[in-house]
Amino acid sequence: MSHVRSIRSRIHDLIEEAWAGATTSGALPPIEADARPAFEIERPANPDHGDLAANLALKLARPMRRSPLQIAEALAEAMATVPSSMALSEVTVAPPGFLNMRLSPRWLEGLLDEARAAGDDFGRVAQAAPRHFNVEFVSANPTGPLHVGNARGAFVGDLLCRVLEGAGHEVTREYYFNDAGLQIRNLGASVTARKLGEAIPEDGYHGAYVDDLANELPDDVWEAANEEGADREAVVADWAQERVRAGIEASLQRLGVHFDVWKSESSLHDEGWVSRSVERLRDAGHIYEEEGATWFRSTAFGDDKDRVVYRSGGQPTYFASDIGYVSEKFSRGFDKLIYIWGADHHGTVARVRNAAEAMGLPVDEVEMLLVAWVRFVREGVEIAMSKRTGEFLTLDELLEELGVDAARWSFASRAASSPIDVDLELAKKQSAENPVYYVQYAHARISSILAKAAGAGLVPAADFTNVLHGDDVASGLARETLRLPEVVEDGARDEETHGITTYAMELATAFHAFYRDRRVVDVDDPQTSAGRLALVGVTQAALRNALALLGISAPESM
RNA sequence: GCCCCCGUAGCUCAGUGGACAGAGCAGCCGCCUUCUAAGCGGCCGGUCGCAGGUUCGAAUCCUGCCGGGGGCGCCA
C-alpha cells in the first residue's frame with residue numbers, strides 16, 4: 001500500500017527543521033524542551049496570505065521573550081536554507097507574526113505523481129502507530145425493525161469506522177444486542193397473543209410487524225412452544241428475536257453498513273464474563289451488599305450514586321452486563337473501545353468507565369461518543385418514535401424516501417453532537433438539491449471528459465512535469481486535490497466526518513471552476529491536453545476516494 | 001435541584017485560539033452553436049443568545065445569566 005503524506009505534515013517538518021537550524025546558528029535563543037509550543041499550519045481564508053500559514057513565531061514569542069515579528073523573520077531566513085525548501089516558492093512574514101507560504105508548482109507536480117501512483121490509496125494516511133479500535137454502534141434491541149431514530153447512530157458509526165481505517169487504523173465493527181431482558185420476553189408475549197388472537201398486553205409491542213411475526217411463526221416452533229412444561233412465551237421470543245435481528249441486519253446492509261461481530265448479552269453471562277468481572281471488582285474492594293442487593297461503589301470514582309449490579313432477587317442488571325462486556329472487549333486485544341450511544345445514555349457513561357477503572361482496565365481507552373437526537377417532523381408535526389405503540393417510521397421507509405447516498409450525506413455533513421431536525425417533506429424536496437449530487441456530478445463530468453479524450457486518441461501525460469507551470473488555475477486545482485490526506489487526518493483526530501463532506505464540496509467547486517476556465521480535450525494541442533487529462537484524473541480519484549470514505553457511490557455518468 | 005449537549009445568515013448547518021465570520025438551500029439578476037447547465041458568475045442576507053473576564057489576538061477558553069433538548073430506576 002502506498003500512502004501520500006499530507007502537505008501539512010511535510011511543511012510542518014520543514015519548519016521544525018528551520019527552527020532547529022536557527023537555534024543552532026544562534027539566530028534564535030534555545031528554549032527548554034517542555035516549553036516548546038505546538039504550532040499549527042493552516043490554509044488562510046484570504047488568498048493574499050498565501051497557500052499556507054504557520055503561527056510558530058506567535059507561539060514562540062512568550063517563551064523566547066522576543067517580538068513575534070523578529071522570530072518570524074529569523075525562521076523565514078532559516079527556511080530558505082533547509083534542503084526541503086524547494087517545496088515553497090515564497091515565504092513572507094506578516095503581522096503580527098505569521099509565516100505565509102506559497103507552494104511551488106514544481107513541488108506540487110511531484111506530489112501529483114505520488115498521488116496518481118497511490119490510486120485508490122490516495123487519501124489514506126500512513127499511521128506510525130496503528131491501533132485496533134472496537135467501535136460498537138446501533139446495538140438496538142431486537143424487539144422491532146430499526147426506525148429512523150436508529151439511523152443516525154448507524155451512519156455516524158459506520159462513517160467513523162471508515163475514517164479511522166482511512167487514517168491507517170484497524171477497526172472492528174460491533175453490534176451488541178440484548179437477548180436476555182424483559183423486553184425480549186414482552187416481544188414473545190406480544191407475538192403469542194397475536195397468534196392466539198388475543199389482545200396484546202399493556203407493556204407489549206403493538207406494531208404491524210408483530211402481526212407479521214405471528215403469521216410467519218413456523219408450525220414446529222409453535223408446537224414446541226405448546227409442549228407440556230415448555231415456557232411458551234420464551235420459545236416464541238427466542239424465535240421472534242432472531243427473526244427481528246436478521247431483519248435488522250438486512251436493513252443495515254441496505255445502508256451499506258455491515259458488522260464484523262454480533263455480540264449477544266446472554267453470551268456474556270454464558271461465558272462467565274459478568275460474574276467474573278463482578279468478582280474482580282469485589283476483590284478490588286469496590287462491591288458491597290445492601291438491602292439484599294449487590295452494589296458497585298461508583299461514587300468512589302466520582303459518580304452521583306452507587307449502582308446496583310445484582311438486584312435483591314439476584315438477577316443481574318443491565319449494568320452488570322456492561323461491566324462484563326468491557327472486560328470481554330479488552331480481552332480480545334483492542335487498543336481502544338468506542339461506544340456510540342444516543343444522547344439519552346449520557347447518564348450511563350460515568351458508571352461504565354468507573355467500573356473499567358475499578359477493574360484496572362485502561363479507562364482512557366474507553367470512549368463514549370454521544371450522538372445527538374434527531375427529531376423527525378412531517379408537515380410540522382413531530383413523528384412519535386415508540387416501539388411500544390408501534391408508531392414509528394422505519395429506517396427502510398426513510399431510505400425509500402431519501403436514497404442511501406443523500407441520507408448518508410445528510411448525516412455525514414453534520415457534527416454528531418449537534419441535535420438536528422429533519423422535516424421529511426422538506427428532505428424529500430431537498431433531496432433533489434442535495435449537495436451530494438453536486439459532488440457526484442463533478443466525478444461524472446470527469447468520466448465524460450476522459451471518455452471523450454480517449455475517443456479522440458488523447459492520452460494522459462506520463463508524468464506531471466510542467467503541467468502546473470505558469471497556470472494558476474491548474475495549480476489551484478492541484479492544491480485542492482492534494483489536500484485530501486490532511487482532511488482524513490483531521491477526521492480521524494476529531495472523530496468526525498463533516499470535514500470530508502465540506503472538502504468534497506470544495507474540491508468539486510475547484511474542478512467546476514477549472515472546467516469553466518480550461519479546456520481539457522483539445523486535439524490541436526495534445527501536449528496541453530495530456531497534462532490536463534492527468535490532472536483531472538487525480539482530481540477524480542480524490543473525489544472518488546472522498547466519497548468512498550463516506551460510503552457514497554461515485555457514478556461514471558449522471 | 002444536580003449533570004450533559006446545543007444556541008452562528010430567512011432555513012439547515014460548518015468554523016472551537018489566529019489575520020475582514022463561511023457553505024448549501026431559499027430569494028433576486030445574468031450565462032448553454034464549444035469537453036455533461038445536476039454547471040458557472042453576480043447580488044441580497046449575521047450586534048456569532050446576553051454580560052463580564054483571560055489573551056498580542058475570542059464565535060472559539062473561563063465565570064455568571066437567558067433560551068431549547070436530554071438525563072438523574074434494584075428499566076433496558
Side-chain angles (χ1 to χ4, degrees), chain A residues 40 42 44-46 48-49 53-55 58-59 61-62 67-68 94-98 100 139-141 143 178 180-184 203 265 290-295 303-305 307-322 342-350 370-373 375 410 413-415 417-423 426-427 429-430 432-442 444-453 455-456 458 494 496 498-499 501-502 505-506 508-509 511-513 515-522 529 532-533 536 555 557-558:
Chain A
E40 286 80 41
E42 54 188 27
N46 183 340
D48 293 342
H49 298 146
N55 62 356
L58 293 158
K59 299 282 186 184
R62 188 186 296 269
S67 91
F98 288 105
N100 293 339
S139 295
N141 286 339
T143 54
N178 174 321
L182 264 181
Q183 304 197 5
I184 295 296
D203 52 357
E265 186 188 9
E290 193 173 291
E291 295 171 8
T294 303
W295 299 72
D303 201 352
D304 295 342
K305 51 190 80 167
R307 306 293 174 176
V308 171
V309 291
Y310 290 115
R311 290 181 256 172
S312 44
Q315 312 93 324
T317 59
Y318 191 80
F319 173 52
S321 302
D322 281 337
D344 55 335
H345 277 62
H346 100 262
T348 61
V349 170
L370 299 180
V371 175
W373 207 242
R375 257 166 42 101
S410 65
S413 57
R414 292 155 156 97
S417 59
S418 302
I420 52 178
D421 277 14
V422 176
D423 186 313
L426 216 60
K429 184 166 148 274
Q430 285 178 346
E433 319 295 333
N434 198 302
V436 71
Y437 302 121
Y438 177 80
V439 176
Q440 290 180 321
Y441 182 64
R445 238 183 180 181
I446 295 174
S447 288
S448 169
I449 289 172
L450 295 176
K452 197 103 180 176
L458 294 167
D494 301 338
E496 284 285 3
H498 54 260
T501 57
T502 304
M505 286 279 292
E506 289 169 351
T509 298
F511 169 70
H512 288 308
Y515 178 89
R516 179 194 64 221
D517 295 333
R518 295 288 183 270
R519 182 155 189 102
V520 178
V521 180
D522 183 358
S529 280
R532 290 176 181 167
L533 283 168
V536 299
S557 68
M558 288 176 75

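Numbered from 1 within each chain, the chains take letters A, B, ... in sequence-line order. Nothing here was measured: the structure is a model prediction, and the numbers come from that model.
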Review point. Which one, G73(B), C35(B), G71(B), comes nearest to the side chain of D344(A)?
Key: G71(B)
Review point. Is the backbone of V521(A) close enough, under 3.5 Å, to the side chain of R519(A) for a donor and an acceptor to pair up by distance?
Key: yes
Review point. Using atom C1' of each nucleotide, how far apart are A26(B) and C13(B) to the nearest Å?
Key: 14 Å
Check your understanding: Does a nitrogen or oxygen in the side chain of K59(A) sit under 4.0 Å from OP1 or OP2 of G18(B)?
Key -> no
Exercise for review: Could you give the distance separating C44(B) and A9(B) at their C1' atoms, to the nearest angstrom?
Suggested key: 11 Å
Review point. Between the side chains of E265(A) and S321(A), is a donor N or O closer than 3.5 angstrom to an acceptor N or O?
Key: yes
Check your understanding: Roughly how many Å is it from NE2 in H512(A) to P in A37(B), rounded to a whole number?
Key -> 10 Å
Check your understanding: Does T317(A) use its side chain to pair, donor to acceptor, with the backbone of V308(A) at less than 3.5 Å?
Key -> yes
**Study point:** Rounded distance in Å between the C1' positions of U8(B) and U16(B)
**Key:** 12 Å
**Study point:** Span that lies between the C1' atom of U55(B) and that of C61(B), in whole angstrom
**Key:** 10 Å
Review point. What nucleotide, of G39(B), A14(B), C56(B), holds the atom closest to the side chain of R62(A)?
Key: C56(B)
**Study point:** Watson-Crick or G-U wobble mate for G27(B), both contacts under 3.5 Å
**Key:** C43(B)
Check your understanding: Quick one: does H346(A) reach the base of G71(B) with a side-chain donor-acceptor pair under 3.5 Å?
Key -> no
Exercise for review: For the side chain of R516(A), starting at C-beta, report the closest nucleotide among G39(B), G41(B), A19(B).
Suggested key: G41(B)
Review point. Expressed in whole Å, how much space separates the P atoms belonging to C4(B) and U63(B)?
Key: 10 Å
Practice item. Mind checking R307(A) for me? I need base, sugar-phosphate or nothing, with any heavy atom below 4.0 Å counting as a touch. Key: nothing
Check your understanding: Is there a Watson-Crick or G-U wobble partner for A9(B) with both distances under 3.5 Å, and if so, which one is it?
Key -> none
Check your understanding: Within the structure shown, what part of the strands sits under 4.0 Å from Y515(A) by heavy-atom distance: base, sugar-phosphate, or nothing?
Key -> base
Practice item. State whether the distance check finds a donor on one side and an acceptor on the other, under 3.5 Å, for side chain E291(A) versus base C74(B). Key: yes
Check your understanding: Which atom names give the shortest non-hydrogen contact between A343(A) and L370(A), and what distance separates them?
Key -> CA-CB, 4.3 Å
**Study point:** P atoms of G15(B) and U60(B), separation to the nearest Å
**Key:** 14 Å
Review point. Quick one: does N46(A)'s side chain have a donor or acceptor within less than 3.5 Å of a partner on D48(A)'s backbone?
Key: yes
Check your understanding: Would C32(B) be called syn or anti, given that syn covers angles within 90° of 0?
Key -> syn
Exercise for review: Take T348(A) and Y318(A) through the test side chain to side chain donor-acceptor pair (under 3.5 Å) and record every step on the way to the result.
Suggested key: CA-CA 11 Å; T348(A) 61; Y318(A) 191 80; over 6 Å; no
Practice item. Would you mind classifying the nucleic acid contact of L58(A) as base, sugar-phosphate or nothing, using non-hydrogen atoms under 4.0 angstrom? Key: base
Check your understanding: What does G52(B) pair with, Watson-Crick or G-U, if both distances are under 3.5 Å?
Key -> C62(B)
Practice item. Taking atom P in both G41(B) and A59(B), compute the distance separating them and give it to the nearest angstrom. Key: 29 Å
Point to revise | Touch class at under 4.0 angstrom, heavy-atom based, for N55(A) against every strand present | key: base
Check your understanding: Quick one: E496(A) CD to G15(B) C1', roughly how many Å, whole number?
Key -> 13 Å
Check your understanding: Does any N or O in the side chain of D522(A) come within less than 3.5 Å of the main-chain N or O of S529(A), such that one atom is a donor and the other an acceptor?
Key -> no
Review point. With a 3.5 Å cut-off and just heavy-atom distances, do the side chain of S312(A) and the base of C74(B) make a donor-acceptor pair?
Key: yes
Practice item. Searching all strands shown, indicate the nucleotide that pairs with G1(B) (Watson-Crick or G-U wobble; both distances under 3.5 Å). Key: C72(B)
Practice item. Name the nucleic acid region contacted by T501(A), choosing base, sugar-phosphate or nothing; use a 4.0 angstrom heavy-atom cut-off, strictly under. Key: nothing
Practice item. Tell me what M505(A) touches on the nucleic acid: a base, only sugar-phosphate, or nothing, going by heavy atoms under 4.0 Å. Key: sugar-phosphate
Practice item. Write down the distance separating the C1' atoms in A19(B) and G30(B), rounded off to the nearest Å. Key: 34 Å
Practice item. Tell me what Y318(A) touches on the nucleic acid: a base, only sugar-phosphate, or nothing, going by heavy atoms under 4.0 Å. Key: base
Exercise for review: Would you check if F98(A) stacks with the base of A19(B), given a 5.5 Å centroid limit and a 30° plane limit, both strict?
Suggested key: yes
Check your understanding: To the nearest angstrom, how far is D494(A) atom CG from A14(B) atom P?
Key -> 13 Å
Exercise for review: For A293(A), report the nucleic acid contact type (base, sugar-phosphate, nothing); a contact means any heavy atom under 4.0 Å.
Suggested key: base
Exercise for review: Could you tell me whether A456(A) contacts a base, only the sugar-phosphate backbone, or nothing, with contacts defined as non-hydrogen atoms closer than 4.0 Å?
Suggested key: nothing
Review point. When you measure from the centre of the six-membered ring of Y515(A), is the NZ or CZ of R445(A) under 6.0 Å away and within 45° of the axis?
Key: yes
Revision key, fill the gap. Of the candidates A19(B), C13(B), C35(B), the side chain of A94(A) sits closest to A19(B)
Review point. Does a side-chain N or O from H498(A) land closer than 4.0 Å to OP1 or OP2 of G15(B), or not?
Key: yes
Practice item. Please determine if a side-chain N or O atom of R445(A) lies less than 4.0 Å away from the OP1 or OP2 oxygen of A38(B). Key: no
Practice item. Round to the nearest Å and state the distance from L182(A) atom CG to C74(B) atom P. Key: 15 Å
Point to revise | Whole-Å gap separating C1' (A21(B)) and CG (N46(A)) | key: 13 Å
Review point. For R532(A), which contact category applies under a 4.0 Å heavy-atom criterion: base, sugar-phosphate, or nothing?
Key: nothing
Exercise for review: Measure from CD on E506(A) to P on A14(B) and round the result to the nearest Å.
Suggested key: 15 Å
Exercise for review: Under 4.0 Å between any heavy atoms, over every strand shown, what does T294(A) touch: base, sugar-phosphate, or nothing? Just pick one.
Suggested key: nothing
Check your understanding: With a 4.0 Å cut-off on heavy atoms, is D517(A) in touch with a base, just the backbone sugar-phosphate, or nothing at all?
Key -> nothing
Exercise for review: Would you mind reading off the distance between Y438(A) atom OH and C40(B) atom C1', rounded to a whole angstrom?
Suggested key: 9 Å
Exercise for review: Report the nucleotide, chosen from G24(B), A14(B), C35(B), that has the shortest atom-to-atom distance to any side-chain atom of T502(A).
Suggested key: A14(B)
Exercise for review: Give a yes/no verdict on base stacking between A19(B) and H49(A): centres under 5.5 Å, planes within less than 30° of parallel.
Suggested key: yes
Practice item. Give a yes or no on whether the backbone of E290(A) and the side-chain of W295(A) come within a donor-acceptor separation of less than 3.5 Å. Key: yes
